[in-house]
Amino acid sequence: MGQMQNFTKGFIRENPVFVLLLGLCPTLGTTSSAVNGLGMGLATTFVLVMSNMVISMVKNFIPDKVRIPSFIVIIASFVTVVQLTMQAYVPSLYESLGLFIPLIVVNCIVLGRAEAFASKNSVGSSIIDGLGMGLGFAFALTLLGSARELLGSSAIFGFNLAKGDLMLVFILAPGGFIVLGYLIALINKLNKSS
Amino acid sequence: MGSKKESTFINMLITLLVIAVVSAATLGGVYVLTKKPIALAKKKKQEKAIKMVLPEFDKLESKKVPDARGNDSLLFTYATKNGKPIGVAVNTYSDKGFGGMVYLMVGFLPDGTINNTAVLAHSETPGLGTKMKTPEFKDQFMGKNPASFKLKVKKDKGDVDAITAATISSRAFCDAVDRAYRTFKKEYKK
């Protein structure tokens with residue numbers, strides 16, 4: 001598998017949200033607007049790249065039996081770094097994402113990539129895999145957030161296109177499930193035809 | 001794959017110890033680096049809210065005041081201009097929100113009139129309870145003195161127009177303002 005493929009597989013073919021269906025809790029919880037989705041996606045991308053890199057660097061020093069606790073400690077450290085940094089420099093985004101930032105630790109994508117990819121591949125490929133998967137996740141969340149914001153509050157990235165709210169249900173939890181369902185159907189159709 | 005270390009007790013112990021120590025050191029470093037900016041961001045937010053709820057001032061002084069309605073304490077920020085008191089900004093809260101706690105700041109003029117209010121943090125329903133941030137709702141408190149303006153929604157025989165479909169959020173808002181007013185009155189009588 002070429003490096004290019006390692007990078008692009010995260011977008012459509014192995015997209016974590018639309019195809020692997022991993023990490024759906026933050027996906028549904030934070031995508032009430034495009035900005036929130038993008039912020040969450042980028043925070044996860046950073047954690048994914050850094051943890052993939054470090055784990056592939058130390059993979060030979062970690063005995064098999066303690067690999068899961070070791071991975072989790074490494075991931076949790078990077079999540080805390082992100083959390084503190086966001087709190088310091090983008091406090092308003094940090095507030096709207098709230099509890100979901102510390103919860104990146106238990107996002108299945110991060111541990112999944114560490115276990116399935118970084119612990120078996122070289123540092124370079126692991127960074128590229130993390131970047132591709134992370135950006136695929138960010139792309140999915142932004143798409144979902146944009147769709148929900150557009151349908152729910154007739155705005156996109158905070159810019160109002162029309163006055164007032166449209167269909168409130170799309171900002172609330174049920175709307176998240178509905179939009180996600182339609183997007184998955186669409187991606188499946190695209191994947192089948194190509 | 002290179003040669004993996006054996007899962008012996010001592011290997012596992014050393015690996016976990018090293019990882020934990022390195023992580024702890026990294027986090028300690030990041031914490032020290034971000035401590036100042038975080039405190040600054042919080043202070044900025046607080047100051048922005050005070051500017052919103054009080055008339056122009058040139059000096060602020062904060063102090064904790066025991067809550068008139070509970071065991072907690074509220075943060076009072078006294079604002080003065082040229083040495084004359086021009087108002088008090090009160091950080092108040094209500095636990096009666098629809099989605100949890102609602103944190104507000106209420107600015108009182110020295111005679112007890114509400115100058116303005118600001119929502120600091122909440123977790124109300126988007127599109128319904130969040131309307132308490134809109135001028136349509138919160139401007140009805142401006143210039144009212146709770147001595148003659150009943151801090152309750154009209155459904156509860158008060159004077160406040162509730163937000164449509166968000167009576168509970170409106171009640172929480174009134175509850176928080178009421179908490180601030182009672183504490184303010186008790187403190188100012190002294």
Side-chain angles (χ1 to χ4, degrees), chain A residues 32-33 36 50-51 54-56 58-96 98-99 119-122 148-149 152-154 164-173 175-176, chain B residues 1-46 48 98-101 103 119-131 134 136 164-166:
Chain A
S32 55
S33 74
N36 284 359
M50 297 308 282
S51 65
V54 171
I55 286 168
S56 71
V58 298
K59 62 177 183 284
N60 286 334
F61 302 102
I62 296 176
D64 263 343
K65 271 191 187 159
V66 289
R67 65 180 199 288
I68 301 289
S70 309
F71 294 171
I72 285 291
V73 172
I74 293 169
I75 293 166
S77 307
F78 283 117
V79 170
T80 313
V81 170
V82 170
Q83 192 189 347
L84 289 171
T85 316
M86 284 181 81
Q87 220 176 338
Y89 300 105
V90 278
S92 57
L93 182 62
Y94 176 78
E95 253 161 49
S96 59
L99 187 64
S119 64
K120 299 188 183 87
N121 287 284
S122 70
R148 287 176 68 184
E149 195 180 352
S153 43
S154 59
D165 299 324
L166 213 55
M167 289 171 276
L168 265 181
V169 68
F170 283 104
I171 294 183
L172 305 175
Chain B
M1 218 185 323
S3 57
K4 269 225 155 140
K5 266 217 276 190
E6 295 261 345
S7 296
T8 58
F9 179 75
I10 196 80
N11 271 354
M12 294 198 285
L13 194 77
I14 292 172
T15 311
L16 284 183
L17 185 72
V18 169
I19 288 178
V21 168
V22 172
S23 306
T26 317
L27 289 187
V30 174
Y31 175 76
V32 170
L33 280 180
T34 54
K35 202 176 164 192
K36 253 196 187 155
I38 290 176
L40 207 72
K42 274 196 186 140
K43 209 177 133 202
K44 243 194 194 154
K45 200 182 159 197
Q46 168 87 359
K48 207 176 131 199
F98 190 69
M101 304 290 284
Y103 294 92
V119 179
L120 298 178
H122 69 87
S123 38
E124 302 301 286
T125 317
L128 299 174
T130 45
K131 287 215 178 102
T134 59
E136 284 86 7
T164 315

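Residue numbers begin at 1 in each chain, while the letters A, B, ... track the order of the sequences.
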Inset, instruction - Please name all residues satisfying side-chain hydrogen bond (donor to acceptor under 3.5 Å, both in side chains) with Gln83(A), sequence neighbours left out, ordered by chain then number. - result: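 Counting only residues at least two positions away or on another chain, Gln83(A) forms a side-chain hydrogen bond (donor to acceptor under 3.5 Å, both in side chains) with Tyr94(A).
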Inset, instruction - Select, from Thr8(B), Asn11(B), Leu16(B), Leu33(B), the one with the greatest count of heavy-atom pairs under 4.5 Å involving chain A. - result: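 Heavy-atom pair counts peak at Leu16(B).
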Inset, instruction - Would you give the length of the straight line joining atom OH of Tyr89(A) to atom CG of Leu40(B), rounded to the nearest 0.5 angstrom? - result: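 Here the interatomic distance stands at 10.0 Å.
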Inset, instruction - Using heavy atoms and a sub-4.5 Å threshold, report which of residues 18-27 of chain B line up against chain A, by residue number. - result: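 Checking residues 18-27 of chain B against chain A gives Ile19(B), Ser23(B), Leu27(B).
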Legend entry - Closest heavy-atom pair and its distance - Ala41(B), Ala88(A):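 Heavy atoms only, the tightest pair is CB-O, 4.1 Å.
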Legend entry - Heavy-atom contact with chain A under 4.5 Å, split by part of Lys45(B):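 For Lys45(B), side-chain heavy atoms alone lie under 4.5 Å from chain A.
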Legend entry - Members of residues 68-78 of chain A whose heavy atoms come closer than 4.5 Å to chain B: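 Expected list: Pro69(A), Ser70(A), Val73(A), Ile74(A), Ser77(A).
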Inset, instruction - Start with the C-alpha gap between Thr15(B) and Phe61(A), add the side-chain angles, then the distance that decides, and say whether side-chain contact (heavy atoms from CB on, under 4.5 Å) holds. - result: CA-CA 7 Å; Thr15(B) 311; Phe61(A) 302 102; 5.6 Å; no
Legend entry - Sub-4.5 Å side-chain heavy-atom contact between Thr80(A) and Val30(B):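 The answer is no; the side chains never approach within 4.5 Å.
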Legend entry - Ser56(A): side-chain contact (heavy atoms from CB on, under 4.5 Å) partners, not counting sequence neighbours: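 For Ser56(A), the residues satisfying side-chain contact (heavy atoms from CB on, under 4.5 Å) (neighbours in sequence not counted) are Lys59(A), Ala118(A), Val123(A), Ser126(A).
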